[in-house]
Amino acid sequence: MEGAVPTAAAAHYQPASPPRDACVYNSCYCEENIWKLCEYIKNHDQYPLEECYAVFISNERKMIPIWKQQARPGDGPVIWDYHVVLLHVSSGGQSFIYDLDTVLPFPCPFDIYVEDAFKSDEDIHPQFRRKFRVIRADSYLKNFASDRSHMKDSSGNWREPPPSYPCIETGGIRPINNFLRFKLIKHSSPYCYCLAFT
């Protein structure tokens, strides 16, 4: 099943991205991978950018489990401090998740991704429950910037090798923590948390 969208869920869907192995990808730089994917979608004009969203997943403790990740073979989850995926809500009535770190299909139908990668909050200790911040792709392209300082340890050494391209500079918000602040919207579902840029 890996690498192919199940036909029942994607009968007429054409992916918004190139194949996974042709996407810009750097391990542990998911926020930049998704920014680059948003940029690709904008430049190729196959789908309206307004249909796409960057989704930040984290919590106050910065400890969230996600299953079906390449970093953890087998049935167990990876405990990320945060993770970023792309959500495409297509006008065809289907929604798809683009996660360059998953072993699930790329893209993956939303329902399958939620069931297999997130599982149920009822089975997760409260300190590990995830919150989601959904940001329109056009806003993400305009406002995300990073000097990658969060990827250095206290001695200034890289925790993971940085991408070979220059830091993303948009004139927007720099600290990654500004994207990881969550506020529950009144009457929202468990999957709807967001906060305006601060």
Side-chain angles (χ1 to χ4, degrees), residues 13-20 22-60 62 64 66 69 80-91 94-102 104 106-110 113-114 117-118 130-151 160 162-185 188-198:
Y13 181 74
Q14 293 296 316
S17 74
R20 186 194 315 247
C23 290
V24 174
Y25 176 78
N26 293 277
S27 179
C28 298
Y29 289 84
C30 55
E31 67 279 5
E32 295 195 31
N33 296 334
I34 296 303
W35 193 93
K36 289 288 189 181
L37 189 53
C38 291
E39 182 181 53
Y40 176 93
I41 293 168
K42 177 184 177 182
N43 291 340
H44 286 77
D45 205 27
Q46 179 181 355
Y47 292 104
L49 193 59
E50 293 76 21
E51 293 182 357
C52 299
Y53 301 85
V55 181
F56 278 73
I57 310 155
S58 192
N59 61 20
E60 290 82 356
K62 295 190 175 146
I64 51 116
I66 301 182
Q69 296 284 284
W80 294 115
D81 51 352
Y82 66 91
H83 193 47
V84 186
V85 299
L86 182 133
L87 167 64
H88 179 207
V89 181
S90 79
S91 57
Q94 300 171 345
S95 297
F96 292 85
I97 295 289
Y98 290 75
D99 179 357
L100 286 157
D101 291 290
T102 190
L104 293 169
F106 181 84
C108 186
F110 179 85
Y113 187 90
V114 168
F118 293 151
R130 296 148 302 213
K131 293 184 178 180
F132 300 79
R133 181 171 180 195
V134 181
I135 303 166
R136 277 180 37 163
D138 57 348
S139 182
Y140 191 51
L141 285 173
K142 290 175 187 172
N143 290 290
F144 176 79
S146 175
D147 61 7
R148 301 176 181 154
S149 58
H150 66 292
M151 291 300 292
E160 295 291 337
S164 58
Y165 57 81
C167 291
I168 295 170
E169 298 284 347
T170 62
I173 300 163
R174 289 181 185 278
I176 193 72
N177 285 340
N178 283 352
F179 289 89
L180 297 173
R181 294 181 182 154
F182 300 88
K183 177 182 177 183
L184 179 60
I185 299 175
S188 68
S189 76
Y191 295 109
C192 190
Y193 287 78
C194 75
L195 185 65
F197 291 124
T198 57

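Please read all numbers here as calculations on a predicted model, not as lab measurements.
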Yes or no on side chain to side chain contact (heavy atoms under 4.5 Å, CB included) for Arg130 and His83, after CA distance, side-chain angles and deciding distance? CA-CA 10 Å; Arg130 296 148 302 213; His83 193 47; over 6 Å; no
Evaluate the criterion side chain to side chain contact (heavy atoms under 4.5 Å, CB included) for residue pair Phe110 and Phe96; output intermediate values, then yes/no. CA-CA 5 Å; Phe110 179 85; Phe96 292 85; over 6 Å; no
Checking Ser149 against Met151 for the side chain to side chain contact (heavy atoms under 4.5 Å, CB included) test, could you report, in this order, the C-alpha distance in whole Å, the side-chain angles of both residues, the deciding distance, and whether it holds? CA-CA 5 Å; Ser149 58; Met151 291 300 292; over 6 Å; no
Side chain to side chain contact (heavy atoms under 4.5 Å, CB included) between Ile66 and Tyr113: does it pass, once the steps are laid out? CA-CA 10 Å; Ile66 301 182; Tyr113 187 90; 4.2 Å; yes
Let me see the working for Glu160 and Asn26 under side chain to side chain donor-acceptor pair (under 3.5 Å), right down to the final yes or no. CA-CA 9 Å; Glu160 295 291 337; Asn26 293 277; over 6 Å; no
Apply ring-ring contact (aromatic ring centres under 6.0 Å, His included) to residues Tyr53 and His88 and explain how you reach the verdict. CA-CA 7 Å; Tyr53 301 85; His88 179 207; 9.2 Å; no
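A donor and an acceptor atom, one from each side chain of Glu31 and Tyr82, are located under 3.5 Å apart.
Figure legend: Arg148 and Tyr165 shown as a cation-pi pair, the cationic atom lying under 6.0 angstrom from the six-membered ring centre and within 45 degrees of its axis.
Here OG of Ser58 is found 11.5 Å from CZ of Arg133. Values are rounded to the nearest 0.5 Å. To the nearest 0.5 angstrom, Lys36 atom NZ is 14.0 Å from Tyr29 atom OH. Taking SG from Cys38 and CD1 from Ile135, the interatomic distance works out to 9.5 Å, rounded to the nearest 0.5 Å. Atom OG of Ser95 and atom CD of Glu51 lie 9.5 Å apart (nearest 0.5 Å). The CG atom of Leu100 lies 9.5 Å from the SG atom of Cys30; values are rounded to the nearest 0.5 Å. Within the model, atoms OG of Ser17 and CD1 of Ile34 stand 9.5 Å from one another, a figure rounded to the nearest 0.5 Å.
Residues Gln94 and Pro109 have side chains not in contact (no heavy-atom distance under 4.5 Å, counting atoms from C-beta outward). With contacts defined as side-chain heavy-atom distances shorter than 4.5 Å, the pair Gln46/Ile41 does not qualify. Looking at Ile168 and Ser146, their side chains never come closer than 4.5 Å, going by heavy atoms from C-beta outward. The shortest side-chain heavy-atom distance between His44 and Tyr40 falls under the 4.5 Å cut-off. In this structure, Thr102 and Arg20 have side chains that are in contact, with non-hydrogen atoms separated by less than 4.5 Å. Within the 4.5 Å cutoff, the side chain of Phe106 has no heavy atoms near those of the Pro15 side chain. Side-chain contact between Leu49 and Lys42 is present, with heavy atoms from C-beta onward closer than 4.5 Å. Contact annotation: the side chain of Asp99 approaches that of Gln69 to within less than 4.5 Å [non-hydrogen atoms, C-beta and beyond].
By the side chain to side chain donor-acceptor pair (under 3.5 Å) test, Asn33 is found to be paired with no residue, residues two or more places apart in sequence or in another chain being considered. Residues meeting the side chain to side chain donor-acceptor pair (under 3.5 Å) test with Tyr25, sequence neighbours left out: Asp101.
Of all the heavy atoms in Glu32 and Pro163, the pair that sits closest is OE1-CG, 3.7 Å. In terms of heavy atoms, Ile57 sits closest to Val85 at CD1-CG2, 4.3 Å.
Ring to ring, Phe118 and Phe132 are close: their centroids are under 6.0 angstrom apart. Proximity of the aromatic rings of Tyr140 and Phe56 is defined here by a centroid distance below 6.0 angstrom, and this criterion is met.
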